[in-house]
J.: 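Take this structure, written in structure tokens, and hold onto it; I'll ask about it next.
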2 protein chains.
Amino acid sequence: MSKEGGKEGGLSRTPPRDRIIETARDLFRKHGLRGVGVDAIAEAAGTNKMTLYRHFGSKDDLIAACLSEAGKEAAQEWDEWDAEFPNAPMNQLHEWIGCAVSCAIEDPRGCDIANAAIEITEPDHPARKVIAQVKSAHRDRLARICRDAGFTDPELLADALTLLVEGARVSWQTVGPQGPGSRFVDVAEAIVAAFAERSKVAADVAG
Amino acid sequence: MSKEGGKEGGLSRTPPRDRIIETARDLFRKHGLRGVGVDAIAEAAGTNKMTLYRHFGSKDDLIAACLSEAGKEAAQEWDEWDAEFPNAPMNQLHEWIGCAVSCAIEDPRGCDIANAAIEITEPDHPARKVIAQVKSAHRDRLARICRDAGFTDPELLADALTLLVEGARVSWQTVGPQGPGSRFVDVAEAIVAAFAERSKVAADVAG
DNA sequence: TTCAAATGGTACTTACCGGTAACACCGCAA
DNA sequence: TTGCGGTGTTACCGGTAAGTACCATTTGAA
């Protein structure tokens with residue numbers, strides 16, 4: 001018994017660094033980056049401010065780490081779709097469109113990365129490069145799927161869909177689920193259909 | 001001379017309330033709502049914290065007033081287009097599309113209303129109703145133009161364009177002007193063209 | 001057992017912020 | 001002159017924030 005030394009939670013089995021990032025992501029999402037202090041994060045993570053500062057040199061670095069983690073999670077989601085629908089880019093595209101709304105229904109606070117980009121005003125903030133990198137990677141991956149699906153001008157389609165989903169997530173926060181965001185799936189699928197038609201024409205010409 | 005009592009700036013001729021709102025809007029836009037204090041606003045406006053609190057009961061009320069003012073400004077812009085292109089909704093639509101990018105080039109910080117919606121996490125913040133009201137009005141006005149232009153399903157087109165412009169303004173803040181936002185005009189005009197085609201077909205069938 | 005690294009705990013510094021109190025000033029109208 | 005509303009000035013309160021110093025505790029490996 002004394003050797004096992006039964007720990008309390010079960011969450012506290014995970015190393016403090018992971019707990020801090022997980023907790024910080026949750027609190028940042030709920031209250032905004034400037035709306036929560038490092039002390040509250042540390043306490044909610046079941047640790048204290050000192051260990052937080054030993055792992056992350058500053059609050060800004062912690063923010064950057066959180067966004068990087070969010071980016072990793074998003075990439076994993078892409079990987080899962082890739083595994084679920086191998087060599088079926090159209091399926092992956094529809095899955096992506098559907099996921100945007102389902103995620104918004106669960107939690108209307110939008111995209112952590114985009115929210116951070118808006119909340120952070122300092123141009124040299126350490127999170128800025130993370131934001132740009134994650135968003136660019138997302139854009140490239142979406143364009144790759146569009147290219148694999150055989151669309152003509154896949155980059156334009158990817159950009160259009162990117163603008164739509166970013167706009168929908170903002171719209172959900174300004175006017176709620178009854179606003180323009182409610183038509184996101186309709187618009188997105190319509191654009192995909194329009195591009196598909198154009199691509200078919202192009203394919204016919206080429207063939 | 002002594003009677004005239006030449007005031008200093010010229011800006012200070014305007015009543016303090018107006019100066020405070022103007023200054024606050026500028027600082028909020030630059031540093032975020034939580035990134036600037038009421039003391040800094042008052043000082044930058046050439047007045048002091050007390051007069052600020054006499055005009056606005058709290059910082060949150062000041063924020064709401066600033067957003068309301070921004071909404072008024074946007075409505076005035078619509079009015080100007082309406083006067084410049086009377087009974088020419090398509091011209092107004094193209095003007096609106098072009099304005100979104102030109103505004104973004106001047107200042108990439110996006111839309112004050114949308115930014116506030118993201119930065120404000122309290123659901124009962126006094127600015128929330130202002131945000132919803134202004135954005136809804138914007139949506140309705142855009143839909144009205146689309147309806148006047150004779151599009152079928154004008155609401156869907158208005159929502160699509162709304163999502164696009166909101167997304168573009170976010171994208172400019174995440175990955176800069178080289179990101180998906182750079183294709184905003186292409187995508188928006190393409191969607192308008194696609195809707196116009198569909199509307200023409202519908203008109204033929206109806207006629 | 002011993003040592004070192006990681007962690008927890010507490011207190012502290014420095015600074016800011018939202019909001020209020022009290023008082024002085026100035027212009028203007030009665 | 002008197003009075004008053006709008007304004008300016010200073011000081012203050014309570015709270016919170018980021019970041020650091022210092023020391024006790026635990027843990028795991030040599």
Side-chain angles (χ1 to χ4, degrees), chain A residues 1-9 11-24 27-28 30-66 119-122 124-127, chain B residues 1-9 11-24 27-28 30-66 119-122 124-127:
Chain A
M1 287 222 192
S2 65
K3 197 179 169 190
E4 293 277 333
K7 280 284 168 67
E8 54 286 338
L11 271 198
S12 39
R13 286 255 70 126
T14 64
R17 189 179 193 278
D18 299 349
R19 273 153 40 206
I20 291 173
I21 284 197
E22 186 182 358
T23 308
L27 292 180
F28 283 152
K30 280 180 187 160
H31 308 113
L33 302 180
R34 295 201 243 224
V36 54
V38 288
D39 224 338
I41 294 172
E43 190 184 7
T47 177
N48 55 45
K49 198 160 51 167
M50 270 317 296
T51 56
L52 188 151
Y53 273 100
R54 287 187 195 112
H55 285 285
F56 311 93
S58 68
K59 183 185 181 180
D60 290 340
D61 289 344
L62 171 61
I63 291 173
C66 287
E119 200 168 355
I120 294 172
T121 57
E122 310 96 299
D124 57 338
H125 193 286
Chain B
M1 289 218 190
S2 64
K3 197 179 168 191
E4 293 278 332
K7 282 282 170 68
E8 54 287 337
L11 272 198
S12 39
R13 285 256 72 124
T14 65
R17 190 178 192 278
D18 298 348
R19 272 152 43 206
I20 291 172
I21 286 198
E22 186 182 357
T23 308
L27 292 181
F28 283 151
K30 279 181 188 159
H31 308 112
L33 301 181
R34 294 202 245 222
V36 54
V38 288
D39 227 336
I41 294 172
E43 192 185 5
T47 177
N48 54 53
K49 198 161 50 166
M50 270 317 295
T51 56
L52 188 152
Y53 272 99
R54 287 186 194 113
H55 284 286
F56 311 93
S58 68
K59 181 184 181 181
D60 290 340
D61 289 344
L62 171 60
I63 292 172
C66 287
E119 199 168 355
I120 294 172
T121 57
E122 309 94 299
D124 58 339
H125 193 287

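Chain naming here is simple, since letters A, B, ... match the order of the sequence lines and numbering starts at 1 in each. Any value given below was found using the heavy atoms of this structure, including those in side chains, with hydrogens, waters and symmetry copies removed.
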J.: Could you state the atom-to-atom distance from CD1 of A/Ile20 to P of C/dG8 in whole Å?
T.: 8 Å
J.: Calculate, to the nearest 0.5 Å, the distance between atoms CD1 and NE2 belonging to B/Ile63 and B/His125 respectively.
T.: 4.5 Å
J.: How long is the line joining CD1 of B/Ile41 and C1' of C/dG19, in whole Å?
T.: 14 Å
J.: Starting at CD of A/Glu43 and ending at C1' of D/dT16, how long is that distance when rounded to a whole Å?
T.: 14 Å
J.: Provide the closest heavy-atom pair for B/Ala40 versus B/Val36 in the form atom of the first, atom of the second, distance.
T.: CB-CG2, 4.0 Å
J.: Looking only at heavy atoms, which two atoms of B/Asn48 and B/Ala42 are closest? And how far apart?
T.: C-CB, 3.3 Å
J.: Step through the shown structure and confirm whether more than 12 heavy atoms of other residues, nucleotides or ligands are within 6.0 Å of CD on A/Glu43.
T.: no
J.: Reading nucleotides 8-14 of chain D 5' to 3', which nucleotides get B (base under 4.0 Å from a protein heavy atom), which S (sugar-phosphate only), which -?
T.: BB-----
J.: Compare every heavy atom of B/Arg34 with every heavy atom of B/Lys59, then report the nearest pair and how far apart it is.
T.: NZ-CA, 4.2 Å
J.: Is the distance from OP1 or OP2 of D/dG6 to the nearest side-chain N or O of B/His55 less than 4.0 Å?
T.: no
J.: In whole Å, what is the span from the NE2 atom of A/His31 to the P atom of D/dT16?
T.: 14 Å
J.: Tell me: CG of B/Leu52 to P of D/dT7, nearest whole Å?
T.: 11 Å
J.: When the distance from OH of A/Tyr53 to P of C/dG9 is rounded to whole Å, what number comes out?
T.: 18 Å
J.: Between B/Asp18 (CG) and D/dG6 (C1'), how many Å, whole number?
T.: 14 Å
J.: Rounded to the nearest angstrom, tell me the gap between atom NZ in B/Lys59 and atom C1' in D/dG15.
T.: 15 Å
J.: Return whichever of B/Arg17 or A/Arg34 has its heavy-atom-nearest nucleotide of DNA chain D closer to the 5' end.
T.: B/Arg17
J.: If you round to the nearest 0.5 Å, how far is CD1 of B/Ile21 from OG1 of B/Thr14?
T.: 11.0 Å
